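Given the structure is predicted, the values throughout are model-derived calculations rather than measurements.
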Amino acid sequence: MTNTSPLFMGIDVGTQAGRVGIFNLKGDLLAMAAEPYETAHPRPGWAEQNPFDWWHAICRCSREVVKKIKGQGDVCAVAVCATSATVLPVDQNGLPMENAIIWMDSRAGKECCDINATHHEILKFSGGEVSVEWMVPKRLWLKRNRKDTYSRAFMIVEALDWINFKLSGVWAISKCNAGCKWNYVDTQGGWNSDFFQQIGLADFSEKWPEKVLAMGEVVGHLTRDACQELGLSEAPLLVQGSIDAHTGMLGLGVVHTGDLAVIMGTSFVHLALLDKPIFAKGLWGPYPNVIVPGLWLIEGGQISAGSITRWFRDHLARELIADGETAYHQLAEEAAKVPAGSEGLIVLDFWQGNRTPFRDQNLSGAIWGLRLHHTRGHVYRAILEAVGYGTKNVLKILEENDCKPKRFIACGGATKNALWLQMIADICQVPITITREMEAVLLGSAINASVGAGFYNTLSVACQEMVSDQRVVQPNEKKQGVYEYYFKKYLETHEALSSMMSKMENERPGG
């Protein structure tokens, strides 16, 4: 390696696109590229992707950004993050045997119910239940429904594990992913064999990598072949990564207690660190030592958020699609003309079910209160407000357990929508901080890589040097009353419709 400035590459295998960014020691983004890929929905509730689409996307993005930073320094370490519980079986050569079952896929509903029916004590570390999205229900589904594939599979892994293998030739599990989505609890000895025996996965260890590495630990070096495909002349270190949203905590500087990281993307993820565990129904966790050693992580989430605004644009504002991002600005302008509460419109933001606090994949979206005077702007605003109510519903559980955050620190596509951001601040009555670097997930990977390469001693120190705040959105107290009223209607609507939605999901002809 030449004697130039150390640089760090962050790779993000997201839901809609692969992205690569290169940062320096100060956290400055020197170059970034993104490439989209497709999601297939072969059946209702199913969602799949071709793993090679991820690989080809990040390789092309890497070659692009490496060209852009030529002469500015050497990439000395790489870290990857990816959507969690995006599951794929692979053969002995690491080749995918089927499309990956991505995180939002809900086919493992029966397996999820069967696991939760055990009421095993280990489930208390995941809020008392597993989610249909997670690795363990999906692996059990594969064992029951893809018996030949399951028996022949060498490994059943996540997207992150597979990308790391493609980069280094090493199989390893992220401690963050295992702790949050695989029922691994390091304070309880890691894997609980009694639990896996009860749920029908006594063979759990046979098809998972043996290594479990924390963020910041070195996986290995990139192979010569990987370097060639990524356009790198040297062989940098590969540092263990984590779930994309959780990596975003680092890029937002949320490595202490008191703040709530809110990743506002296709889905919304709410993440807070605690000094001691809380066992609260309606939240995920508490997860020990998965981000910062000695601290517990608690998590909430909304499956459908940015994805609903895209659905609305694609199906109800088609004439705007050609304008790309401008379409959302136009819709936001229409929504801004509508008063808070959307003049009596209530929306439930459950297009793909509810992650927390209801944990019900049978829930669906709903709109009611429509009158002839309502416009497209009314409906769009009501959707934005519904996602805000969903965030407040997660905050409500935190408050009930004496964990109300002092502020939100946010990143993601929704932060580009000033109206939506102010709306969420007003609904939750909590200030929202936006950091200097909008690409917080990529920055978090770079922070992780810098620690793994030894340039900073801890993640906290690296965050202090590489993350800075840019602006704060303060809540408008005058909006509190009207939003409290409609938030109650949101909860009442869920209570009134949830049983009907579940019945429809299970009994409808052709369902």
Side-chain angles (χ1 to χ4, degrees), residues 1 4-13 19-30 58 62 65-66 69 73-82 158-180 186 209 211-223 226-227 230 232 234-255 289-295 297 437 439-467:
M1 225 172 245
T4 54
S5 301
L7 303 178
F8 310 99
M9 177 181 286
I11 297 174
D12 174 23
V13 182
R19 301 183 304 151
V20 176
I22 295 179
F23 297 80
N24 62 20
L25 273 171
K26 296 180 180 179
D28 299 319
L29 178 60
L30 305 182
I58 65 173
S62 176
V65 297
V66 167
I69 57 95
D74 293 314
V75 175
C76 58
V78 176
V80 182
C81 65
E158 284 199 25
L160 173 63
D161 312 323
W162 186 73
I163 294 293
N164 278 348
F165 173 77
K166 290 282 288 179
L167 291 171
S168 67
V170 177
W171 286 114
I173 303 170
S174 167
K175 186 177 182 180
C176 179
N177 294 54
C180 297
D186 77 342
K211 288 185 179 180
V212 179
L213 301 177
M215 280 195 293
E217 292 192 280
V218 174
V219 177
H221 281 84
L222 268 66
T223 66
C227 288
L230 269 65
L232 295 167
E234 303 287 345
L237 287 174
L238 176 64
V239 178
Q240 181 60 285
S242 73
I243 303 165
D244 49 4
H246 299 54
T247 300
M249 293 183 76
L250 304 182
L252 294 172
V254 180
V255 287
N289 307 312
V290 294
I291 304 293
V292 177
L295 295 181
L297 176 70
E437 180 49 63
E439 297 291 344
V441 172
L442 286 175
L443 175 57
S445 286
I447 289 170
N448 191 25
S450 74
V451 173
F455 289 91
Y456 293 113
N457 292 330
T458 66
L459 294 172
S460 296
V461 172
C463 288
Q464 185 176 348
E465 295 297 323
M466 298 176 74
V467 181

Short question: side chain of E465, backbone of A462 - any donor-acceptor pair under 3.5 Å? no
Is there a donor-acceptor contact under 3.5 Å linking the side chains of S242 and S174? no
I need the [X] [atom1] to [Y] [atom2] distance, nearest 0.5 Å.
X    : Y    : atom1 : atom2 : answer
M215 : N177 : CE    : CG    : 9.0 Å
I11  : D244 : CD1   : CG    : 13.5 Å
W171 : F165 : CH2   : CZ    : 5.0 Å
C227 : E234 : SG    : CD    : 8.5 Å
I22  : L30  : CD1   : CG    : 7.5 Å
M466 : K26  : CE    : NZ    : 11.5 Å

Sequence neighbours excluded, every pair satisfying salt bridge (Lys or Arg N to Asp or Glu O under 4.0 Å) that has a member inside [range]:
range            : answer
residues 441-454 : none
residues 162-175 : K175-D186
residues 441-453 : none

Ignoring hydrogens, what is the shortest heavy-atom contact between [X] and [Y]? Give both atom names and the distance.
X    : Y    : result
L29  : G21  : CD1-CA, 4.1 Å
V467 : G253 : CG1-N, 3.9 Å
S62  : M9   : OG-CE, 3.3 Å
L459 : I291 : CD1-O, 3.7 Å
A77  : P236 : N-CB, 3.8 Å
D161 : E158 : OD2-N, 2.9 Å

Residue set satisfying side-chain contact (heavy atoms from CB on, under 4.5 Å) with A82, at least two apart, ordered chain then number -> V13, A159, L160
side-chain contact (heavy atoms from CB on, under 4.5 Å) evaluation trace for I163 with I58: CA-CA 10 Å; I163 294 293; I58 65 173; 3.9 Å; yes
Please list every donor-acceptor pair under 3.5 Å in which a side-chain atom of residues 441-456 meets a protein atom from a residue at least two apart or in another chain.
| from | atom 1 | to | atom 2 | distance (Å) |
| --- | --- | --- | --- | --- |
| N448 | OD1 | G216 | N | 2.8 |
| N448 | ND2 | Q240 | O | 2.6 |
| S450 | OG | I447 | O | 2.7 |
| Y456 | OH | L25 | O | 2.7 |

C463 pairs by side-chain contact (heavy atoms from CB on, under 4.5 Å) with which of V292, L252, L250? L250
Result of checking V170, V78, L237, L238 against H221 for side-chain contact (heavy atoms from CB on, under 4.5 Å): L237
Determine whether L167 and V80 satisfy the following criterion, side-chain contact (heavy atoms from CB on, under 4.5 Å), listing intermediate values before the conclusion. CA-CA 10 Å; L167 291 171; V80 182; 3.6 Å; yes
Sorted by chain and number, sequence neighbours left out, side chain to side chain donor-acceptor pair (under 3.5 Å) with N24 holds for D28
Under a 4.5 Å cut-off applied to non-hydrogen side-chain atoms, are L222 and L230 in contact? yes
